[in-house]
Amino acid sequence: MTDHVLAQILDKSRAARDGHFGVLSTGEKLTAALVLNKPEWLAKMNYTMAEAVERVGPEWMARVPEAARVLEHEAELAAEAEAIEQARKRNRGMDIGF
């Protein structure tokens with residue numbers, strides 16, 4: 001079963017992370033700030049943490065921790081893939097034709 005609310009939170013949080021913050025609604029921006037642990041975004045929007053939690057509401061707030069874990073896992077996988085690619089590039093430079 002697909003959690004459509006979680007999928008929407010992930011989509012909006014990825015958009016915000018990737019610089020598309022301006023196209024989101026206020027609630028989506030606040031949710032993304034919470035998911036991505038960006039208190040400076042809350043401050044720029046003149047929201048306290050408590051106000052953001054209240055505005056986001058219980059249905060979305062219940063999914064914020066899982067969304068944060070998913071995005072953190074994605075970041076770890078991306079970093080691992082980048083490290084592997086860098087190692088491959090270094091190894092190619094050492095190829096002596098065997």
Side-chain angles (χ1 to χ4, degrees):
M1 185 164 111
T2 301
D3 185 337
H4 295 288
V5 173
L6 178 60
Q8 187 174 4
I9 291 170
L10 288 167
D11 181 56
K12 302 304 180 181
S13 296
R14 288 180 187 117
R17 176 199 63 203
D18 297 341
H20 306 290
F21 196 70
V23 300
L24 304 176
S25 72
T26 300
E28 292 166 346
K29 289 175 184 178
L30 294 171
T31 302
L34 294 168
V35 168
L36 298 169
N37 194 26
K38 299 287 188 179
E40 66 275 15
W41 290 2
L42 298 177
K44 285 181 182 177
M45 296 175 63
N46 293 317
Y47 274 83
T48 66
M49 187 76 66
E51 291 168 334
V53 168
E54 181 179 52
R55 173 73 186 256
V56 167
E59 183 180 11
W60 279 43
M61 277 305 304
R63 291 163 174 89
V64 165
E66 184 174 356
R69 285 189 295 272
V70 168
L71 293 181
E72 179 62 30
H73 183 68
E74 288 177 0
E76 290 169 1
L77 291 175
E80 288 175 14
E82 178 63 24
I84 290 168
E85 182 60 28
Q86 292 301 320
R88 285 184 181 147
K89 287 179 181 178
R90 283 191 304 276
N91 288 339
R92 274 187 238 137
M94 296 172 47
D95 187 5
I96 56 175
F98 290 115

Which donor-acceptor pairs under 3.5 Å do the side chains of residues 78-86 make with protein atoms, sequence neighbours left out?
from, atom 1, to, atom 2, distance (Å)
E82, OE2, Q86, NE2, 2.7

task: Might you point out which heavy atoms bring A52 and L42 nearest each other, and give the distance in Å?
output: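 The pair with the smallest heavy-atom distance is CB-CD2, 3.7 Å.
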task: Please report the closest heavy-atom contact between A16 and A32, naming both atoms and the distance.
output: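 It is CB-CB, 3.6 Å.
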- prompt: Has E51 got more than 12 heavy atoms of other residues, nucleotides or ligands less than 6.0 Å from its CD?
  reply: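 Atom CD in E51 is crowded, with more than 12 foreign heavy atoms closer than 6.0 Å.
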- prompt: Which pairs with one or both residues in residues 32-44 pass salt bridge (charged side-chain N to carboxylate O under 4.0 Å, His left out), sequence neighbours excluded?
  reply: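 Matches after skipping sequence neighbours: none remain.
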- request: Would you mind listing every salt bridge (charged side-chain N to carboxylate O under 4.0 Å, His left out) that reaches into residues 18-29, with sequence neighbours excluded?
  value: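 Sorted pair list: K12-E28.
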task: Would you please name every residue forming a side chain to side chain contact (heavy atoms under 4.5 Å, CB included) with T26, sequence neighbours left out?
output: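 L30, M45, Y47, R55.
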Under the side chain to side chain contact (heavy atoms under 4.5 Å, CB included) test, residues paired with H4 that sit two or more places apart: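 Listed in chain order: T2.
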message: Distance check, rounded to the nearest 0.5 Å: L36 atom CG versus T31 atom OG1?
response: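 Taking CG in L36 and OG1 in T31, the distance rounds to 10.5 Å.
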task: With sequence neighbours excluded, tell me which residues meet side chain to side chain donor-acceptor pair (under 3.5 Å) with E72.
output: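 For E72 there are no side chain to side chain donor-acceptor pair (under 3.5 Å) partners, ignoring immediate neighbours.
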query: So which pairs with a foot in residues 64-85 pass ring pair (Phe, Tyr, Trp, His ring centres under 6.0 Å), sequence neighbours left out?
result: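 Every candidate ring pair (Phe, Tyr, Trp, His ring centres under 6.0 Å) pair involving residues 64-85 fails, so no pair, neighbours aside, qualifies.
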field: ring pair (Phe, Tyr, Trp, His ring centres under 6.0 Å) pairs, two or more places apart, involving residues 7-35
entry: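 Residue pairs passing ring pair (Phe, Tyr, Trp, His ring centres under 6.0 Å), neighbours aside: F21-W41.
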Show which side-chain atoms of residues 57-70 pair as donor or acceptor with protein atoms under 3.5 Å away, not counting sequence neighbours.
from, atom 1, to, atom 2, distance (Å)
R63, NE, D3, OD1, 3.0
R63, NE, D3, OD2, 2.9
R63, NH1, E59, O, 2.7

